[in-house]
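Working notes for the structure below.
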Amino acid sequence: MSLLRTARLASTLRIAANSKFRAFPRFYSDATPGALAKTPLYDLHVAKGAKMVPFAGYSMPVLYTGESVGESHNWVRGKAGLFDVSHMVQHRLTGPGALSFLHSVTPSDLTRLPQFQSTLSVFLRPVTGGIVDDLIITSHGPEDFYVVTNAACKDKDLAYIAENMKPFSSDVKHEVLTRQGLVALQGPLAKDILTEYLTNITGSPVDLSTLYFGNSMFVEIPSLEEKLHIARAGYTGEDGFEISISEKNTETVTMGLLDVGSTGDRIRLAGLGARDSLRLEAGMCLYGHDLDDTTTPIEAGLKWLVGKTRAMDGNFLGAETISRQYDNWSFVPRRRVGFFVEGPPAREGAEIVEKGTDNVIGKITSGCPSPTLGKNIGMGYIKSGFHKQGTEVGIKVRGKERKGTVTKMPFVETKYYKAP
Amino acid sequence: MASLLRSMLTRPVFKPTCAARAVVYRRNFTAGNYFLSKKYTEDHEWVLLSDPSKNIATIGITEYAQNALGEVVFVDLPEAETEFETGDVIGAVESVKSASDILSPVSGKVVESNQELSGTPKLINKSAEDDGWICKMEVNDPTQIETLMSKDAYDAYVKGGDH
């Protein structure tokens with residue numbers, strides 16, 4: 001989806017006659033035809049005045065009444081926001097072949113992943129090492145992995161998993177946790193709110209101070225007759241948690257968190273709009289935009305998730321390309337980098353040119369005005385050689401060349417609660 | 001709580017602000033001059049033949065449009081002396097979430113654009129149909145404006161549902 005196409009085809013002013021949602025073309029365009037699925041929080045969103053949009057086959061809240069995207073964004077940076085991410089696909093892979101299977105399709109070194117620790121990873125295409133999807137893998141034990149993948153990739157991921165699991169099928173059990181909700185509590189006050197909520201509901205003090213970024217744990221809630229899976233993680237750059245809850249209790253837990261957070265006006269629901277600008281400030285990729293089947297993790301700046309011994313051994317899909325790129329940057333034709341852009345924001349699809357010329361050297365894959373910084377930020381792919389911090393480039397916005405400067409990411413300092 | 005969208009659709013779109021009353025007032029004073037009322041397009045622009053003696057029209061985006069866009073962070077303005085046909089892209093309005101084209105509601109030549117929007121794009125949110133005007137155009141055919149929607153017709157159009 002190019003910026004210009006977005007602007008032209010989906011512009012509010014132009015085509016608004018055809019749609020209510022054109023102010024959010026990115027989300028709208030991801031719609032799949034037919035009936036939209038609902039998350040366990042659908043009724044709550046509607047009751048709270050959410051503007052619902054089709055996203056990855058679900059009806060999802062993009063924004064809530066009385067707030068702009070910028071205000072919602074700033075609220076999460078300053079206090080706490082609660083996001084419904086139940087549309088994301090939760091999986092469980094168990095059995096003696098679970099690790100071998102994951103090692104065959106990702107470049108991660110899961111032998112080094114301690115129990116109740118998560119890592120970002122990628123499913124890879126054979127030979128090219130293109131990214132099928134990005135995912136979070138959490139170890140619940142040597143033969144037990146909890147995996148979260150993108151909603152928009154659900155069909156192709158399931159086909160990919162089924163296809164590539166064949167050699168391991170007798171040793172691996174794959175379950176999609178369809179009756180499981182997922183909410184993300186994000187922001188500097190997230191820890192206080194969750195601690196208070198868990199302490200209230202369990203009736204005994206719960207201490208989250210040793211649950212560090214990337215860790216997860218189960219917390220038993222007798223009154224709900226279930227164990228919540230709580231991961232210190234998120235997609236905003238803030239400290240926060242992702243809480244996996246059974247479908248039937250998702251609304252109860254969400255209401256409980258909102259109730260606790262309402263004391264002192266600390267919490268608000270936040271939608272896809274703020275989620276997108278928050279993750280962009282944090283320099284994180286959105287699959288389908290910043291990552292796709294033609295992008296390798298090395299090009300995408302995700303070399304850190306490739307295990308060194310895995311790259312050496314080369315026994316995973318796409319290793320032909322990944323291992324070579326891992327060892328030698330000259331095999332990496334382009335890099336994902338951040339930009340500051342002067343004038344209008346450069347959005348997805350905007351061409352990057354060598355300053356003052358028509359020589360196209362890259363493309364913007366995500367961009368917006370940064371509510372935190374008050375200037376335009378973007379990320380995109382640029383020809384190797386132009387990727388160094390401080391490099392000045394031209395970025396074409398509506399035909400006019402604007403000044404762009406290659407910048408390190410994250411744009412806004414992340415505030416993860418890291419182990420000392 | 002009503003949804004943002006529902007409230008957008010049911011709320012009177014154009015509240016009679018002081019500015020709006022001023023327009024109506026002027027119009028009464030020059031009763032008989034049909035063109036001195038604002039006209040509206042389906043693409044959510046407004047046009048007012050502000051200086052009939054010189055065929056100069058002022059153009060902007062509607063209150064409804066600014067509300068749907070949310071906070072405006074940048075406005076791409078047309079340059080003076082540029083000629084446009086009806087429906088040409090004359091500029092764009094950027095919010096955190098999206099970029100939206102502004103289309104020329106008439107044919108003509110830009111004589112001035114609202115430079116205040118360069119420094120204060122949020123002026124569009126504060127006063128879309130008055131201080132937040134986009135540009136002034138010398139229109140080729142003032143009767144073209146006559147074919148656009150009246151305030152009442154536009155209000156009915158945005159209330160009519162799927163916009």
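Convention: sequence-line order gives letters A, B, ...; per-chain numbering from 1.
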Q | Flag for A/Thr65-A/Glu67: side-chain donor and acceptor within less than 3.5 Å | A | no
Q) In terms of heavy-atom pairs under 4.5 Å with chain B, which of A/Cys368, A/Gly70, A/Ser277, A/Ser370 leads? A) A/Gly70
Q. Hey, are A/Glu351 and A/Lys396 close enough for a salt bridge, meaning a charged N less than 4.0 Å from a carboxylate O?
A. no
Q. Residues of residues 70-77 of chain B under 4.5 Å from chain A (heavy atom pairs)?
A. B/Glu71, B/Val73, B/Phe74, B/Asp76
Q) Taking the side chain from A/Asp259 and the backbone from A/Met255, do they hold a donor-acceptor pair closer than 3.5 Å? A) no
Q) Relative to each other, are the rings of B/Tyr154 and B/Tyr40 parallel, tilted or perpendicular (30° and 60° limits)? A) parallel
Q. So, are B/Glu138 and B/Lys54 salt-bridged, with charged N and O less than 4.0 Å apart?
A. no
Q: Heavy-atom pairs under 4.5 Å with chain B are the metric here; pick the option from A/Pro344, A/Pro371, A/Ser68 that has the most.
A: A/Pro344
Q) By salt bridge (Lys or Arg N to Asp or Glu O under 4.0 Å), which residues pair with A/Lys38, not counting sequence neighbours? A) none
Q: Keeping the roles fixed (side chain from A/Lys79, backbone from A/Asp265), state whether a donor-acceptor pair exists under 3.5 Å.
A: yes
